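The shown structure was predicted, so the numbers you read here are calculated from the model rather than taken from an experiment. The figures here come from the full heavy-atom set of this structure, side chains too, leaving out hydrogens, waters and symmetry mates. Numbering of ligands and ligand atoms starts at 1, following listing order.
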Amino acid sequence: MKVSLAALLAVSGLLANAQDAASAGGPGRPPLKPLVVPKALEDSINRRNLLKHAHQFLDFSKLSNNTRAFGSKGHQATLQYIKRLLDQTGAYDIEFEKFTYAYSEATSQLYVDGESYPTKGVGYSPSGNITAPLAVVNNLGCEASDFPEAVKGQIALVQRGTCQLGLKVAFAGAAGAVGTIIYNNIDAEPISGTLGAPNRPEGPYVPVAYISGLNGKAFIASIAEGNEVVANIRVQSFVEDRETSNVIATTKTGDRNNLIVAGAHSDSVPAGPGLNDDGSGSMGILEVALRLARYRVKNAVRFIWWSAEEFGLIGSEYHVEHLSDEDRQKVALYLNFDMIASPNSGYFVFDGDGDATDIPGPPGSEVIEQLYRAYFDSHNIRTGSAVFGGSSDYQPFVDVGIPSGGLMTGASGTKTAEGAEWWGGVAGVAYDVCYHLACDVVENLNVDVWERNSKAIAHSVASYALSIEGIPREQRPPVRSLRVSKLSYEERLHLSCDHDDDII
Ligand SMILES: *[C@@H]1O[C@H](CO)[C@@H](O)[C@H](O)[C@H]1NC(C)=O
Ligand SMILES: *[C@@H]1O[C@H](CO)[C@@H](O)[C@H](O)[C@H]1NC(C)=O
Ligand SMILES: [Zn+2]
């Protein structure tokens, strides 16, 4: 028996829609897709698909010694995976925005009196094996005058804080120090970092070891008692130029004069595979992009996977710096998702109006904040506030006046008692105990929170793809220079900045 197509469609109730779509497409053109429906897009996001990507990302990290650091094999495989899945939908124009940046890795050891002390490597440090007495630097070592005569031929001992690690080390080199030990400004072990730039005009770098605040203070106390503390620091490091890319996918439908941009960074730190930081955001926007492909949008949506975020927002800064004035006007708003599945999560919404953090985003950012607050309210989830503090890829957009917002679930900051009451989890413990460490693997992901935040991304992207009512679209003033390039390393760097100040 032959069943007509029309009858089948009628039975399944699809006839009216199909005819609608076909006629809307016009004669000879493919039928138009249905216009996106926020609730439908949100409902299409599920943990099964997210976790499928997560296992892929972890596998990619195994191609390069358990990291997806920018330019590594694991990172390149991540970018190809994103491109391949998006290509298959046929719904996006995809571009690789290429740039080159100096990559560096370093490991270090410290021995004093035959005893070994835990250290972290500092990228861009020269290699070396140096034995010399320690000389204490005045203040925070942010001025050349903080380095006394005594550092000459010795190892400068300097506290972290206020200015870039690289500046302290360059001043130490200029003063004739043969090495530098930086100690943390809190008792805790430091998080591995970089000197922030491959070299500097203030002086030559010398080998660096980065130690805990507790050990730093112990050395200073011993020197204050009149002891000579002789240290041996050993650094193995390398620096190389790496070409890498931001991946930019723009919907083929929708008005490109009102671009909705959603971003996450594709790279991890060298120390680990970065499943939460920022696999979670990368996979969250990927999954939303894949589901959005079935729909038509009014405002074009652009998803961007930033590269080299962990070396200082390099990819996002490159992108925004290279936007013409005309193209900058076309970006209606920017949404950032960096770490949205922390194991001891909080639900943090960027503080667009600045009422919680005193740092508002550009006008319109408060509208984005309200959309997310309303979304979580409707799911009976309390929200905290994240600050536009320069530690992720929203910053270049904020700096040029583009309304911005986004979500995050916390990094190395500690969950408060109130936070534990609101969201469960453990008070007094970091939001992500595996932040920037090798243990940021699939098991580190809080899948419930990840799924909820990915649904929130879907809701926001679909809503703005339909309407940007409330978001100001006045002509933005021309940009003279990006603020981000002037920020101190500690302010702008994900890598050395421990995010404790990022949430309220
Ligand atoms: C791989 O990573 C481990 C741990 O970070 C490190 O000790 C080792 O030297 C690395 N191996 C290579 C080939 O980079
Ligand atoms: C580094 O120097 C120390 C002390 O001078 C020496 O014992 C050690 O073998 C050296 N290590 C390397 C890798 O050169
Ligand atoms: Zn990150």
Side-chain angles (χ1 to χ4, degrees), residues 57 61 67-70 75 78 106-117 119 121 126-133 155 178-179 191-194 207 209 230-237 246 262-285 304-317 335-343 345 348 350 386-396 406-413 430-432 434-437 440 444-445 450 453 492-500 502-503:
F57 274 39
S61 73
T67 177
R68 296 182 307 104
F70 89 87
H75 182 235
T78 302
T107 58
S108 59
Q109 288 98 42
L110 169 65
Y111 299 91
V112 176
D113 282 337
E115 199 183 327
S116 157
Y117 290 82
T119 68
S127 297
N129 184 2
I130 285 149
T131 304
I155 294 172
V178 291
I191 290 161
S192 53
T194 85
V230 177
N232 170 221
I233 53 182
R234 304 176 195 179
V235 179
Q236 304 82 39
S237 75
N246 297 322
H265 68 86
S266 59
D267 63 313
S268 74
V269 288
L275 265 287
N276 184 32
D277 185 12
D278 183 27
S280 61
S282 285
M283 298 183 263
I285 65 169
I304 310 186
W305 288 265
W306 308 113
S307 186
E309 190 272 354
E310 297 288 10
F311 277 69
L313 321 181
I314 308 302
S316 52
E317 194 177 333
L335 307 173
N336 196 67
F337 307 101
D338 188 358
M339 303 183 73
I340 57 167
S342 304
S345 274
F348 297 100
F350 276 89
V387 62
F388 287 118
S391 56
S392 190
D393 298 300
Y394 53 78
Q395 194 63 49
L407 304 173
M408 78 167 303
T409 53
S412 63
Y431 296 105
D432 184 355
C434 287
Y435 176 60
H436 285 184
L437 297 176
D440 189 6
N444 191 44
L445 297 163
W450 191 18
N453 278 330
R492 67 195 282 233
L493 266 210
H494 213 33
L495 197 60
S496 73
C497 160
D498 46 14
H499 285 250
D500 289 350
D502 276 12
I503 43 199

Going by the closest heavy atom to atom 3 (C) of ligand 2, which one wins out of Gln109, Gln236, Arg234? Arg234

Side chains of Asn336 and Ser392: donor-acceptor distance under 3.5 Å anywhere? yes

Would you say atom 9 (O) of ligand 2 has a protein heavy atom nearer than 4.0 Å? no

If only side-chain N and O atoms count, and only distance matters, is there a donor-acceptor pair under 3.5 Å linking Ser108 with Thr119? yes

Tell me yes or no: between the side chains of Asp440 and Asn276, is some donor less than 3.5 Å from an acceptor? no

Counting non-hydrogen protein atoms only, what is the nearest one to atom 5 (O) of ligand 2? Give residue, atom name and distance. Thr131 OG1, 4.0 Å

Under 2.8 Å: N/O/S of Glu310 next to the Zn ion (ligand 3): no

Report the angle formed at the Zn ion (ligand 3) by atom NE2 of His265 and atom OD2 of Asp338, rounding to the nearest 10°. 90°

Under 2.8 Å from the Zn ion (ligand 3) - does any N, O or S atom of Glu309 fall there? no

Here the N/O/S atom of Asp277 closest to the Zn ion (ligand 3) would be OD1

Between Ser282 and His265, a side-chain donor and acceptor under 3.5 Å: no

Indicate whether the side chain of Ser316 and that of Asp393 have a donor and an acceptor atom separated by less than 3.5 Å. yes

Under 3.5 Å, is there a donor on one side chain and an acceptor on the other for Gln236 and Ser127? no

What residue and heavy atom of the protein are closest to atom 12 (C) of ligand 2, and at what distance? Asn129 ND2, 3.1 Å

